[in-house]
Amino acid sequence: MAGITHSAFRRLLADFGGYGALFTEMLSAKMILQEDLSRSPWLKRRPQEGRVIYQLLVVDTDRLPAILERLAALAPDGLDLNGACPAPTIKQQRGGADLFEDADRLRDIVRVLRRHFAGPLTVKIRLGRQTPRWRARLGERLRLLADEGVDALTIHPRFAEDKLKRSARHGLYAELAAEARLPIIANGDIMGPDYVREHAASLASAAGLMIGRLAAMQPWIFAQWRQPTMVVQPDAVWRRLYDYIVEDFAAPQALARVKIFTAYFARNFLFGHTLFKTVQVAPDLAAARTRADAFFATAPARCRSPSLEGI
Ligand SMILES: Cc1cc2nc3c(=O)[nH]c(=O)nc-3n(C[C@H](O)[C@H](O)[C@H](O)COP(=O)(O)O)c2cc1C
């Protein structure tokens, strides 16, 4: 997740454990040629993170073999191509959801990725644009990706126009898995073990689950999933991530990351908007820390069922 699953956040998730693999933020493929692999908070990985899959924003095949050769130094446990992101800035670059629409360009890119990377290759997609032909076009894309040697798909079953509105259509996985002849990782709105139990019939044909915003709000979720009685001190988690972010990022970038994380984390509390608002307008890192400390000093009540509505 852009702005969230950087090296500092992955380090925090690794402290808790419980997941099968982590995905990086969507990485501009061309940026990989410029970044310092051992220091970049987008690229570097720590051994305790376990499996790390690098998600790429690729818009053409220009220099792609050289990019993959450079990335190989980090020994990615998998590569994931973003064919899902509906953000206007990404679509303007012809990436994400725009790439999904362009079958020829998608095929060319996947072909080069497959030729130069022997490990697990996945593609993240949505349902495409909501046109009368959406279902036929989705079927065409599934076959294209299977034919080009992709190993699995992550499907966030919303239309590109939906952004995060409406509900994820998990009921589609069974037919999509059969059509793709590929394992499908389910994604979208998965709010924990209770949600999975309630949607067990729809999720049964998925080979795995991808959790996004819930992990941003509760980085301990994977550990707690395995150990439901686990007790967490949220304020200690916030402070720990703050320290990790300050360690990995330069100050202005660090402040932005603290703010992005806090928007999700604040949802854990009954009056979390107080934490959210005060940190969002903090002029610098020290102020963000002092303000969060002041909020935690009030022993804020936790929400029983925190919601991710609207973010
Ligand atoms: C702030 C934010 C950043 C995101 N960045 C990415 C990204 O870089 N790559 C990606 O594939 N999806 C990205 N997504 C989409 C999520 O991976 C996921 O598909 C979506 O949030 C639905 O899953 P969830 O309900 O578990 O969050 C992002 C979502 C949010 C809210």
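One is the number of the first residue; the rest follow in order along the sequence. In listed order, ligands and their atoms are each counted from 1.
Ion pairing of Glu49 with Arg11 is absent here, as no side-chain N (NZ or NE/NH1/NH2) approaches a carboxylate O to less than 4.0 Å.
Remark: ligand 1 and Met26 share an N or O pair separated by less than 3.5 Å (distance only, no angle test). Looking at Glu25 next to ligand 1, no N or O pair under 3.5 Å apart turns up. Taking only nitrogen or oxygen atoms, main chain and side chain alike, Asp189 reaches within less than 3.5 Å of ligand 1.
Nearest protein neighbour of atom 3 (C) of ligand 1, counting heavy atoms only, is Ala2 N, 3.5 Å. In terms of protein heavy atoms, atom 26 (O) of ligand 1 is closest to Gly212 N, 2.8 Å. For atom 1 (C) of ligand 1, the closest heavy atom belonging to the protein is Tyr264 OH, 3.4 Å. Ranking the protein heavy atoms by distance from atom 17 (O) of ligand 1 puts Lys124 NZ, 3.1 Å first. With hydrogens left out, the protein atom closest to atom 9 (N) of ligand 1 is Gln55 OE1, 2.8 Å, a heavy atom.
Contact between Gly188 and ligand 1 is present, with at least one heavy atom of the residue lying under 4.0 Å from the ligand. Using a 4.0 angstrom heavy-atom cutoff, Asn187 counts as in contact with ligand 1.
A side-chain hydrogen bond (donor to acceptor under 3.5 Å, both in side chains) with Asp60 is found for exactly one of Arg105, Lys30, Arg94, namely Lys30. A side chain to side chain contact (heavy atoms under 4.5 Å, CB included) with Met210 is found for exactly one of Ile155, Ile185, Ile190, namely Ile185.
Put simply, NE2 on His6 and CD on Gln253 are 10.5 Å apart, with the number rounded to the nearest 0.5 Å.
Phe23 and Tyr54 have their aromatic ring centers separated by at least 6.0 angstrom.
By the 6.0 Å contact criterion, CZ on Arg63 is open, its count of non-hydrogen atoms from other residues, nucleotides or ligands being 12 or less.
Contacts of Asn82 with ligand 1, taken as heavy-atom pairs under 4.0 Å, involve the side chain alone. When non-hydrogen atoms are compared, ligand 1 lies under 4.0 Å from the backbone of Arg213 as well as from its side chain. The backbone and the side chain of Met1 each have at least one atom closer than 4.0 Å to an atom of ligand 1 (non-hydrogen atoms only). With a 4.0 Å cut-off on non-hydrogen atoms, Leu164 touches ligand 1 through its side chain and not its backbone.
Residues Asp77 and Arg45 approach most closely at OD2-NH2, 2.6 Å, considering heavy atoms.
One side chain, Asp248 or Ser7, offers a donor N or O that lies under 3.5 Å from an acceptor on the other.
Between Pro219 and Phe261, some side-chain heavy-atom pair lies under the 4.5 Å cut-off.
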